Structures are given as structure tokens and as C-alpha cells.
Number of protein chains: 2
Amino acid sequence: MTDFVTGSTHSADALPVSAVDPLADLPGYLLRRAANSMMAELGTRLNAHELRISEATVLLLINDRTDLTSAEIGKLLEIQRANMVPLLARLETAGLIHRVPINRKSQAIVLTPHGRTRLDEVRAVTQKFEADLLERIPAQHRPHLVPALQALLG
Amino acid sequence: MTDFVTGSTHSADALPVSAVDPLADLPGYLLRRAANSMMAELGTRLNAHELRISEATVLLLINDRTDLTSAEIGKLLEIQRANMVPLLARLETAGLIHRVPINRKSQAIVLTPHGRTRLDEVRAVTQKFEADLLERIPAQHRPHLVPALQALLG
DNA sequence: AGAGAAAGCTATCCATCATAGCAATTGGAT
DNA sequence: ATCCAATTGCTATGATGGATAGCTTTCTCT
């Protein structure tokens, strides 16, 4: 598994990764490339709905909940508190979320009716995306991807 | 509720993903999270050798080759031509690569002796990293990860 | 009541990635 | 042999994501 024999010096036109790139066997490298590629694709699809991936993710996370604060969302999605600010500001400006005071310190982030409608769009996009993604993986490997990735996050 | 209220920004213990996060079943989402997590780890390890991931990747790609141009490396690693400039500049300043004219337009990027030495370090780091990564994946899923990721890049 | 933690925010900074444009050179087709 | 399109390497510039430090207000715990 640690033998990358390349030797092939093709005129680099298109990029049949595994064919030319001696790094194409390294799981870490593959992980990055695959994630980049997939996220670019998802980003493009969500762009058609004027949403960034992070924004769509927040909508999906909130869903029906009316108890999530900015800090909690950040913890769940691994987004710094400071970086939640512009993110939520955009969603609020777009009228997708609003803030409901919990006490004088905290506020719950809740979907507006419009936000809920848009969430349905997001759901359609992401479900299609996930389905397309899985479809690209040969059937015998498919059921192993999610558990493997989950193990990496533990 | 909320048991993990650690003040730490992003420590190890963070989140039992699948427990709380309703997104934890989505392959695309997992892919991004896993890649981010892994790349952060690799970045830290390479940092100890004063290299970025992209720089280390370039070293690994060049290896023995003496025919690769900046544009070709960029194509293989999916890095824009424009972004290769500062990357190679750093490697050159660090004395790890040098440029060998091919003609009046193109130049081959070649490792210096020092660059080759550093590449050995990089290889040690990445092999350890890849091994650690694979080890975290349960044995029955392990052999499926690389083929699955490769399929995503096709 | 007081101390410490947490929430929300501002202000920066850094790294990655993308785009446009430019001058020089190359290579292919006529 | 010449001309034109493509390529190379580069500059300059944004957009984005992510990280840190610090501040004020408020909550919570003892």
C-alpha cells in the first residue's frame, strides 16, 4: 500500500487523478480532495438558492427547535462564537431567522416562516446531493463510508 | 442540560457527534467534518517541521522528478497557477526547491539536496499520519475508505 | 454578595482559493 | 517562414473560512 510507482509522464491535460498522481493512494490526501470536490459541488448547488453551506447547515440544524442559542449552534457545528455573528446576521437580514430572547443574556435562534420555506428548499437540495454523492460510490463500498467517516470524528 | 460546557475553544473532547447533531448521518457533511478534522491534525504535525500541507504535498509530488513545471504541479494538485507562485516562492526561499530552465518560457521545479532531506521527514510524518488515520477506522470498514473516496473524485 | 463563567459582540489577522489581466514565449497550422 | 492561438509565469485583488483577543453585560453557583 505504500508503493507509489509512477513513472508515467503524460502531457498533463485533464487530470485522471489515480492515473498520474502518486498521492492518490493516501487516505488523508484523498479525504481532502474528495471533501473539497464535494463541497464545491454542494456550494454551487446552494448558491442557486443564495445560501452558503454554513448558512444552509444552520437552517438544517435549527429546524423546529426554538431553544438553540448562537453559542450552542456554534458548538454543534464547530464554528467559533465570533464567526457565528456575521453568519447569523446574514440569515437575519435575509429574513430566514429571528431572535427570541431567553433572558437578558441569551437569545434563541428560530426560523421565520420564510426561513422554514427556504429550509424545505435546502432539504431538497441536500437530499439530492447526498443521494448523488452516494451513487458515485460502488455499491460494495457504499455502506462503509458513513461509519468510517464517523469513526474519524470520534 | 448541556453537559459539555467547556470553555476551551476547540479541544479534543468537543462533541459526541452522532449523539446530538442531527446532521451526523449525512455523508457530505461528515466528509467535510472529517476532512477538516484530519487536515487540522496533519497541519499541526507538519507545522512542527515548518511546512504547510500544500508545501509538503508539492515535495511529495516532485520527489525524484526533474521535469515538472509549476503549471503541471498545479494541475495535478488542483492549485491555480496564480496560487502556485507564493507557494513555490516559499519553498525556494527555504532552499527546498530550485528552478531549472527548460526553455525560455518554462522551468522545471526540482528538489535541492536539502529539499530531499526534508522530503524524508515529510514522508515519515505523512506515513505515520496515514497509519494513525486508518487505525481509527474499524477494521471492517477500513479497506473500503480509499476506494470510496477515489470514486468520489472520478 | 461576590467570583467566575458564559453570551454576544467588535476588531483583526491569517490562510486558502478564485479571477482577471499582462508580457513573453512556444507551437501548430498554413 | 510567418502568424495566431495557447501556454507560462507572474501581479494584483477579492471573497471566504477560520482563529484569537478583548470587551461588556448577564447569569449562576456557592
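Computed from a prediction, not measured in an experiment: that's the story for all the values here. Below, read A as the first sequence line, B as the second, and so on, with proteins coming before strands; counting in each chain starts at 1.
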- Query: Please walk me through it: do A/Met39 and B/Asn36 pass side chain to side chain contact (heavy atoms under 4.5 Å, CB included)?
  - Reply: CA-CA 12 Å; A/Met39 288 312 113; B/Asn36 281 349; over 6 Å; no
- Show your reasoning for whether side chain to side chain contact (heavy atoms under 4.5 Å, CB included) applies to B/Leu60 and B/Leu119. CA-CA 7 Å; B/Leu60 285 167; B/Leu119 172 55; 3.7 Å; yes
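For the OP1/OP2 pair of D/dA15 and a distance below 4.0 Å, the side-chain nitrogens and oxygens of A/Arg52 include no atom meeting the criterion. The shortest distance between the side-chain N/O atoms of A/Arg99 and the OP1/OP2 oxygens of C/dC9 is below 4.0 Å. Residue B/Lys75 places at least one side-chain N or O under 4.0 Å from the OP1 or OP2 atom of D/dT8.
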Would you tabulate the nitrogen or oxygen pairs shorter than 3.5 Å linking the protein to nucleotides 17-24 of chain C?
{"residue": "C/dA18", "atom": "OP2", "partner": "B/Gln80", "partner atom": "OE1", "Å": "3.2"}
{"residue": "C/dA18", "atom": "N7", "partner": "B/Asn83", "partner atom": "OD1", "Å": "3.4"}
{"residue": "C/dA18", "atom": "N7", "partner": "B/Asn83", "partner atom": "ND2", "Å": "3.0"}
{"residue": "C/dA18", "atom": "N6", "partner": "B/Asn83", "partner atom": "OD1", "Å": "3.2"}

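Taking atom CZ on B/Arg33 and atom C1' on D/dG18, their separation rounds to 14 Å, with Å as the unit. Computed from coordinates, the B/Met84 CE to C/dA15 C1' distance equals 16 Å when rounded to whole Å. Atom CG in A/Asn47 sits about 14 Å away from atom P in D/dA15, given to the nearest Å. The separation between A/Asn103 atom CG and D/dT28 atom P is 6 Å, rounded to whole Å. Separating the CD1 atom of A/Ile73 from the C1' atom of C/dG8 is a distance of 13 Å, rounded to the nearest angstrom. Spacing between atom CD of A/Glu55 and atom C1' of D/dG17 amounts to 12 Å, rounded to whole angstrom units. Residue B/Met39 contributes atom CE, which lies 19 Å from atom C1' of C/dC14 at whole-angstrom precision. Going from atom CD1 of A/Ile102 over to atom C1' of D/dT26 covers 13 Å, rounded to whole Å.
The hydrophobic side chain of B/Val85 is isolated, with no ILVMFWY side chain under 4.5 Å apart from it.
Interatomic distance, A/Leu30 CG to B/Leu145 CG, rounded to the nearest 0.5 Å: 8.0 Å.
Between its opening and closing five pairs, the helix from C/dA1-D/dT30 to C/dT30-D/dA1 changes axis direction by 30°, a value rounded to 10 degrees.
For residues 51-62 of chain B, every residue pair satisfying the salt bridge (charged side-chain N to carboxylate O under 4.0 Å, His left out) rule, not counting sequence neighbours, is listed here: B/Arg52-B/Glu55, B/Glu55-B/Arg90. Evaluation of the salt bridge (charged side-chain N to carboxylate O under 4.0 Å, His left out) test over residues 134-154 of chain B, restricted to residues two or more places apart or in two chains, returns none.
With DNA chain D read from its 5' end, the first of the two nearest nucleotides for A/Ile53 and A/Ser106 is the one closest to A/Ile53.
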Only distances under 3.5 Å count here; give the side-chain donor-acceptor pairs of residues 91-103 of chain A to other protein atoms, sequence neighbours excluded, each with its distance to 0.1 Å.
{"residue": "A/Glu92", "atom": "OE1", "partner": "A/Arg99", "partner atom": "NE", "Å": "2.9"}
{"residue": "A/Glu92", "atom": "OE1", "partner": "A/Arg99", "partner atom": "NH2", "Å": "3.2"}
{"residue": "A/Glu92", "atom": "OE2", "partner": "A/Arg99", "partner atom": "NE", "Å": "3.3"}
{"residue": "A/Thr93", "atom": "OG1", "partner": "A/Ala89", "partner atom": "O", "Å": "2.8"}
{"residue": "A/Asn103", "atom": "OD1", "partner": "A/Lys105", "partner atom": "N", "Å": "2.7"}
{"residue": "A/Asn103", "atom": "OD1", "partner": "A/Ser106", "partner atom": "N", "Å": "2.7"}

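With respect to the salt-bridge test (charged N to carboxylate O, under 4.0 angstrom), the residues B/Arg116 and B/Asp120 do not qualify. Between A/Lys75 and A/Glu72 no salt bridge is recorded (no basic side-chain N to carboxylate O distance below 4.0 Å).
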